[in-house]
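First the structure, in the form of structure tokens, and then the observations on it.
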Amino acid sequence: MTGILSARGLRKRYDGRAVVDGLDIELARGECFGLLGPNGAGKTTTLRMLLGLASPDEGEIALLGHPVPQAAREGRVRVGVVPQVDNLDPDFTVRENLLVYGSYFGLSRAQVEGRLPRLLEFAALETRADARIQALSGGMKRRLVLARALVNDPELLFLDEPTTGLDPQARHLMWEKLRLLLREGRTILLTTHFMDEAERLCDRLAIIDHGRMLAQGEPRELIDRHIEPEVVEVYGEGVLAWFESHGKRLAARAELHGETAFCYLRDAAPAVESLKGAPALRFLHRRANLEDLFLKLTGREMRDGA
Ligand code: ADP
């Protein structure tokens, strides 16, 4: 196997249950690849195996050309990781956190000191180098964890839900930073629960559930392949009656979830027209998106931890 990261036939069982059940993943250099799936789908277990932090029961992994788990350490030297939970040291300052992390990669204090200005600038924390972690906002902490993951100048970044818990401004800034890293030619493997984020950032993505691959490809191409092009979401007083009389008849696929009717259509005009005569109903007419695809493939029922 060659290339930046590849895995074939990955399997992992916990307590007799298959958590990862035959996954093939191949990243191209310089791309942003999304790994999507509901809670419990097997994303974290997959990431842990790819990094050599958990051993697969079956399958082959090559991380930057090194077999994993046998030579995971050699592979990880040029990998940066942003974990789901911020594990910054709260007793240290911003600068100290970067220095300590650099030492894990065998970098001297002087080497990390040399990289500090760029890392701080990247994290937009130039004026906060001596601030304690508690004094940082959620967005600042997340950007610091991202900057920390760059301390070893990685070719490949593993980002586990990098924007969870951030407000919209902080998310947009994070996206800007991730695009910058892609422009520098780095490769990103990203997990996220935000479908708009995946659609925006990912060149390709995989949707998994119960440890199995449900779909893989470019976001737009996958949406076009699996979902009707137009969507009308209808809610409000009388939605059930409208769903029965019009929604089901006009849509190629129609679903009622809670208080909302989702109509998937080749042409939304007749449905929109029918709603003009129902002023109590509110509706949203939009283009099919990645969330529609995700829900079609993984279902709408709640998962553990949701
Ligand atoms: P995701 O990241 O997609 O939410 P995970 O990979 O964390 O999914 O978990 C997949 C399944 O494997 C879950 O049902 C979880 O409870 C189980 N699991 C994960 N790690 C362990 C473990 N160390 N021991 C036992 N079960 C585990």
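Ligands are counted one by one from 1 in listed order, and the atoms in each one are counted from 1 as well. The first residue of the sequence shown is numbered 1, and numbering continues consecutively from there. Atom set for the values below is all heavy atoms of this structure, side chains included, hydrogens, waters and symmetry mates excluded.
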Could you check D130 against T93 for side chain to side chain donor-acceptor pair (under 3.5 Å), going step by step and ending with a plain yes or no?
-> CA-CA 5 Å; D130 297 310; T93 64; 4.9 Å; no
Matching residue for L98 among E113, R115, R148 - test: side-chain contact (heavy atoms from CB on, under 4.5 Å) = R148
Close approach of R17 to ligand 1, heavy atoms, under 4.0 angstrom = yes
Heavy atom of G40, distance to ligand 1 below 4.0 Å | yes
Can an N or O of D15 be found at a distance shorter than 3.5 Å from an N or O of ligand 1?
-> no
If we ignore angles and hydrogens, is there a donor and acceptor under 3.5 Å between the side chains of [X] and [Y]?
X: E197; Y: T192; result: yes
X: S274; Y: W242; result: yes
X: D209; Y: T298; result: no

Close-contact set for ligand 1 against [X] heavy atoms, below 4.0 Å:
X: N39; value: 4 (O)
X: A41; value: 1 (P), 3 (O), 8 (O)
X: P38; value: 3 (O)
X: T44; value: 1 (P), 2 (O), 6 (O), 7 (O)

So does E237 have more than 12 non-hydrogen atoms from other groups sitting under 6.0 Å from CD?
-> no
Closest candidate by heavy atom, reference atom 6 (O) of ligand 1, pool T46, T45, T191, V19 | T45
